2 protein chains.
Amino acid sequence: MITIYLAEDQSLLASALAQLLDLEDDLHVLGTAADGQQAWLDISREIPDIAILDIEMPKATGLDVADWIHHAGLKTKVIILTTFAQQAYFERAINAQVNGYLLKDLPSDDLVADIRRIQGGATIYSPELVQNMVTASKNPLTEREMDVLKAAVDGASTKEIAKTLYLSEGTVRNYLSAIFSKLAVHNRLEAVHFAQKNKWV
Amino acid sequence: MITIYLAEDQSLLASALAQLLDLEDDLHVLGTAADGQQAWLDISREIPDIAILDIEMPKATGLDVADWIHHAGLKTKVIILTTFAQQAYFERAINAQVNGYLLKDLPSDDLVADIRRIQGGATIYSPELVQNMVTASKNPLTEREMDVLKAAVDGASTKEIAKTLYLSEGTVRNYLSAIFSKLAVHNRLEAVHFAQKNKWV
DNA sequence: GAGTGGGCATGACAAATGTCATGGATATCG
DNA sequence: CGATATCCATGACATTTGTCATGCCCACTC
């Protein structure tokens, strides 16, 4: 019997999936949570065979929980189950040594099959993501440039950015100009769009 | 026996939900689709008792399909099932006279119960949304202002906007200024954020 | 150690953006 | 009808934003 813990903040999916998995003879859902904190509390106490974690959840993300499980040395195998193929997320998940990274864009039968294979020792990454890893546009911005860009996404003025980062206004404008140049755009709005599209922010 | 058609582009949720609903003695899932076009083709041919439609799908949204069902005068009852409580979506759904508007943030057992009640003639709107309808911020922008704002969201310069809308640059700047004033912001980036948050664009 | 390249920081200057006052057209109300 | 209000459109002006040349510091290479 494979014991499973499910953390997913969209109630409909969580409850549907929990019921469905429980119908399988060899699977048993120990519990579910709608936020990362609760998930970690339960997982660390019950030590399920498999933890299926959504990424975007209140209080703590699935990646946070994956880190904690990894650092605590639990035997629980971790499956990240998320909506989109986000490079940054994926890289972090690999570092946390998750056993599976699957997209919600797969049929539930496949998920069941993957759970069994992962329990058997396999590591399964969604093919789309592995492919992406090669082609994905690397972020060409320096750390400081990212600081400035992050400070600018919400529409803060040069003056405000300068104040929060303890820079002169000219410096802030210069960073932004460098960012535009690297991203091949010509104003903040376009730069923010670009960054958001690539999930840098 | 209540026949159901399910349109949902997230495969995992679609397949999980389909299996789950089918387990109920009095429910039967005729079919599923991952895009609006396919959903309409099937629904118009098979005329299920209930169509459960996600909103954001490829090719045609669930709201498009709801409109078509309404105008074709099918007996099929429509349930919109979506993630977030978006006022604009909700209003359009009401105009299409949908029989239910539910959020994915509810347990699957509740969904099953709501399906039965709707088949029995009830109309069920998510309480969050009805409440929102009262407090929701109405869009204070004029038609022309919206034109300008839409032209500006992708980072177009004043000159570009002026050209596409056949206005002088001064006029474009003036519209933007009026927009900022009405939205209580001070630059394009903030205005775009505001508009996107309220789903005006 | 000299030379090279990259990141960090700045100020001067040019270009784009935001604000304001104004005028015409149209609709509403007493 | 006149008074009032709203939307559309514009140009003048002030402010903010974007570009460029420059200098410093550090790491790497020859």
Side-chain angles (χ1 to χ4, degrees), chain A residues 87-88 91-92 95 136-201, chain B residues 87-88 91 136-201:
Chain A
Q87 204 54 31
E91 286 172 13
R92 190 169 157 209
N95 286 334
S137 63
K138 280 272 171 256
N139 185 333
L141 304 183
T142 69
E143 201 174 338
R144 210 72 180 119
E145 285 163 353
M146 281 302 297
D147 291 342
V148 174
L149 185 55
K150 280 177 198 155
V153 291
D154 292 326
S157 67
T158 302
K159 194 176 297 183
E160 291 167 334
I161 299 170
K163 195 179 294 178
T164 58
L165 296 183
Y166 303 103
L167 292 173
S168 84
E169 297 185 31
T171 305
V172 171
R173 282 198 290 275
N174 183 51
Y175 276 124
L176 284 166
S177 188
I179 291 166
F180 303 155
S181 168
K182 286 184 180 176
L183 306 186
V185 301
H186 290 92
N187 60 58
R188 298 173 187 209
L189 201 34
E190 286 185 304
V192 167
H193 275 306
F194 194 101
Q196 286 174 338
K197 200 173 62 188
N198 289 64
K199 294 281 173 177
W200 296 345
V201 289
Chain B
Q87 204 54 31
E91 286 172 11
S137 64
K138 280 269 172 266
N139 185 331
L141 304 184
T142 69
E143 201 174 339
R144 210 76 179 115
E145 285 163 354
M146 280 303 296
D147 291 342
V148 174
L149 184 55
K150 280 176 197 156
V153 290
D154 293 325
S157 67
T158 303
K159 194 176 297 185
E160 292 167 332
I161 299 169
K163 195 179 292 176
T164 58
L165 296 183
Y166 304 104
L167 291 173
S168 84
E169 297 185 32
T171 305
V172 171
R173 282 199 290 275
N174 183 51
Y175 276 125
L176 284 165
S177 189
I179 291 165
F180 303 156
S181 167
K182 287 183 178 175
L183 305 186
V185 301
H186 291 92
N187 61 56
R188 298 173 187 210
L189 200 35
E190 286 185 304
V192 167
H193 274 306
F194 194 102
Q196 286 174 338
K197 202 174 60 188
N198 289 65
K199 293 279 176 177
W200 296 344
V201 289

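Please read these numbers as outputs of a predicted model, since none were measured by experiment. Values below: all heavy atoms of this structure, side chains included; hydrogens, waters and symmetry mates excluded. Letters A, B, ... mirror the listed sequences (proteins, then strands); counts begin at 1.
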Sugar-phosphate only, base, or nothing, as touched by S181(B) at under 4.0 Å among non-hydrogen atoms: nothing

Separation of atom CD in E190(B) from atom P in dG18(C), rounded to whole Å: 10 Å

Protein-nucleotide distance (L176(B), atom CG; dC20(C), atom P), rounded to Å: 15 Å

Distance in angstrom units between Y175(A) OH and dT19(D) P, rounded: 16 Å

Whole-Å distance separating the CG atom of L189(B) from the P atom of dT16(D): 16 Å

Atom-pair distance (CD on E143(B); P on dA9(D)), nearest Å: 11 Å

Side chains of T171(B) and V148(B) in contact at under 4.5 Å (non-hydrogen atoms): no

Closest to side chain of F180(B), choosing from dG18(C), dA9(C), dT17(D): dG18(C)

Nucleotide nearest K159(A) (side chain, heavy atoms from C-beta), chosen from dT16(D), dA16(C), dA9(C): dT16(D)

Given dT17(D), dT17(C), dT19(D), the nucleotide with the shortest approach to the side chain of H186(A): dT19(D)

Any side-chain heavy-atom pair of H193(A) and L183(A) under 4.5 Å: no

Nucleotide nearest L167(A) when distance is taken to its side chain, options dG18(D), dT10(C), dT17(D): dT10(C)

Distance in Å, N187(A) CG paired with L189(B) CG, rounded so as to fall on 0.5 Å steps: 9.0 Å

Residue whose nearest DNA chain D nucleotide is more 5′ - N187(B) or E169(B): E169(B)

From K182(A) atom NZ to L141(A) atom CG, the distance as rounded to the nearest 0.5 Å: 6.0 Å

Distance test, side-chain N/O of R173(A) to OP1/OP2 of dT19(D), below 4.0 Å: no

Position toward the 5' end of DNA chain C (nearest nucleotide), Y166(A) or K182(A): K182(A)

S157(A) side chain near dT16(D) phosphate (N/O to OP1/OP2, under 4.0 Å): no

Rounded interatomic separation in angstrom, taking CD from E145(A) and P from dG7(C): 7 Å

Atom pair distance, as rounded to whole Å: CD1 in I179(A) and P in dG18(D): 10 Å

From CD1 (I161(B)) to NZ (K159(B)), nearest 0.5 Å: 12.5 Å

Side-chain donor/acceptor contact of N174(A) with base of dC8(C) under 3.5 Å: no

Touch class at under 4.0 angstrom, heavy-atom based, for S177(B) against every strand present: base

Closest to the T142(A) side chain, choosing from dT10(D), dC8(C), dT17(C): dC8(C)

Proximal nucleotide (of dG11(C), dG18(C), dA9(C)) relative to the S168(A) side chain: dG11(C)

Rounded distance in Å - CG (L183(A)) to P (dG18(D)): 13 Å

Heavy-atom side-chain proximity of L165(A) to Y175(A) below 4.5 angstrom: no

